[in-house]
Amino acid sequence: MITKLQNPITSLVLGVGLSLVLGVALCWRAAGPLLELAAAARIKPAPEKKEKGWDFWTIEVENLSNDLKEERARLHQQADLLDQRAARVAAEEKELGKIRADIETLRREIGDKVIEITADEAKNLKTLAQTYANLSPHAAVAILREMDDVTTVKILSLMKPDVVGPLFEEMSHTPDNDGTLARRAALLSEKLRLMKASRSASPS
């Protein structure tokens, strides 16, 4: 056996064989990762689903989306401002309505206090004033106490002071449910002071 191994031909054959085996082993070892990469490349991964629902999403689309969001936010802000303005206008209209109601109430109160003789009634009132002036204070007060304050003031305004004075004195002595007619005489005097006299009417 040793003699065969010492044979040059045998040694050459063994060397060539060992070289081939070693080369094949090294090639297989080096080619292993390449084969694995090739196998992995054949398996294509499933396409990812787009969250946006589109097949593409570019920077232009992203900018457009941002612009739409900003525009939506701006519109919401404008809507809030309009709501605030509408609420402010409604509050001002309510306050204005209250002021108008107060003015109307004040106007009615002034109208109740300020008495004016119109041209249509001036002639008849002047006749009544002359008639009551010719009566005794007792008789005139008995009639005037049955009239309302407005009519009474109009008639008294057409009488001379020397006639009205005795009438008020009689009222201060005339019994009433609350005592005497003195309180009414004071109210009539106040209304006479505030009365707006007609140009065509003058005391008789």
Quick check on Q78: does its CD atom have over 12 non-hydrogen neighbours (other residues, nucleotides or ligands) under 6.0 Å away? yes
Decide whether L187 and V150 are clustered together by the hydrophobic rule: side chain heavy atoms of Ile, Leu, Val, Met, Phe, Trp, Tyr closer than 4.5 Å, transitively. no
Can you list, by chain and residue number, the hydrophobic cluster partners of I103 when the side-chain cut-off is 4.5 Å? I99
Do any side-chain atoms of residues 132-147 form donor-acceptor pairs under 3.5 angstrom with protein atoms, and if so which ones, sequence neighbours left out?
unit_1, atom_1, unit_2, atom_2, d
N134, ND2, Q130, O, 3.1
S136, OG, A139, N, 3.3
H138, ND1, E170, OE2, 3.1
R145, NH2, P175, O, 3.4

Look at the side chain of S189 and the backbone N and O of A185, then say whether any donor-acceptor pair between them is shorter than 3.5 Å.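 Flag set: sc S189 to bb A185 pair under 3.5 Å.
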For the student: nearest non-hydrogen atoms of L158 and A129, plus distance: CB-CB, 3.7 Å
Where at least one partner belongs to residues 63-87, residue pairs that pass salt bridge (Lys or Arg N to Asp or Glu O under 4.0 Å), sequence neighbours excluded: E71-R74
Pairs flagged by salt bridge (Lys or Arg N to Asp or Glu O under 4.0 Å) wherever residues 88-98 is involved - sequence neighbours left out: none
Would a 4.5 Å heavy-atom cut-off, applied to side chains only, mark S172 and T180 as touching?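 Counting from C-beta outward, S172 and T180 never come under 4.5 Å.
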Distance from M159 atom CE to I155 atom CD1, nearest 0.5 Å? 6.5 Å
For the OG1 atom of T131 and the NZ atom of K126, what is their distance to the nearest 0.5 Å? 12.5 Å
Just to verify, what does E121 make a salt bridge (charged side-chain N to carboxylate O under 4.0 Å, His left out) with, not counting sequence neighbours? K154
Got a sec, which residues hit side chain to side chain donor-acceptor pair (under 3.5 Å) with D148, two or more places apart in sequence or on another chain? T151
With the threshold set at 4.0 Å, does a side-chain nitrogen-carboxylate oxygen contact exist between K191 and D149?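 Answer for the salt bridge query: yes.
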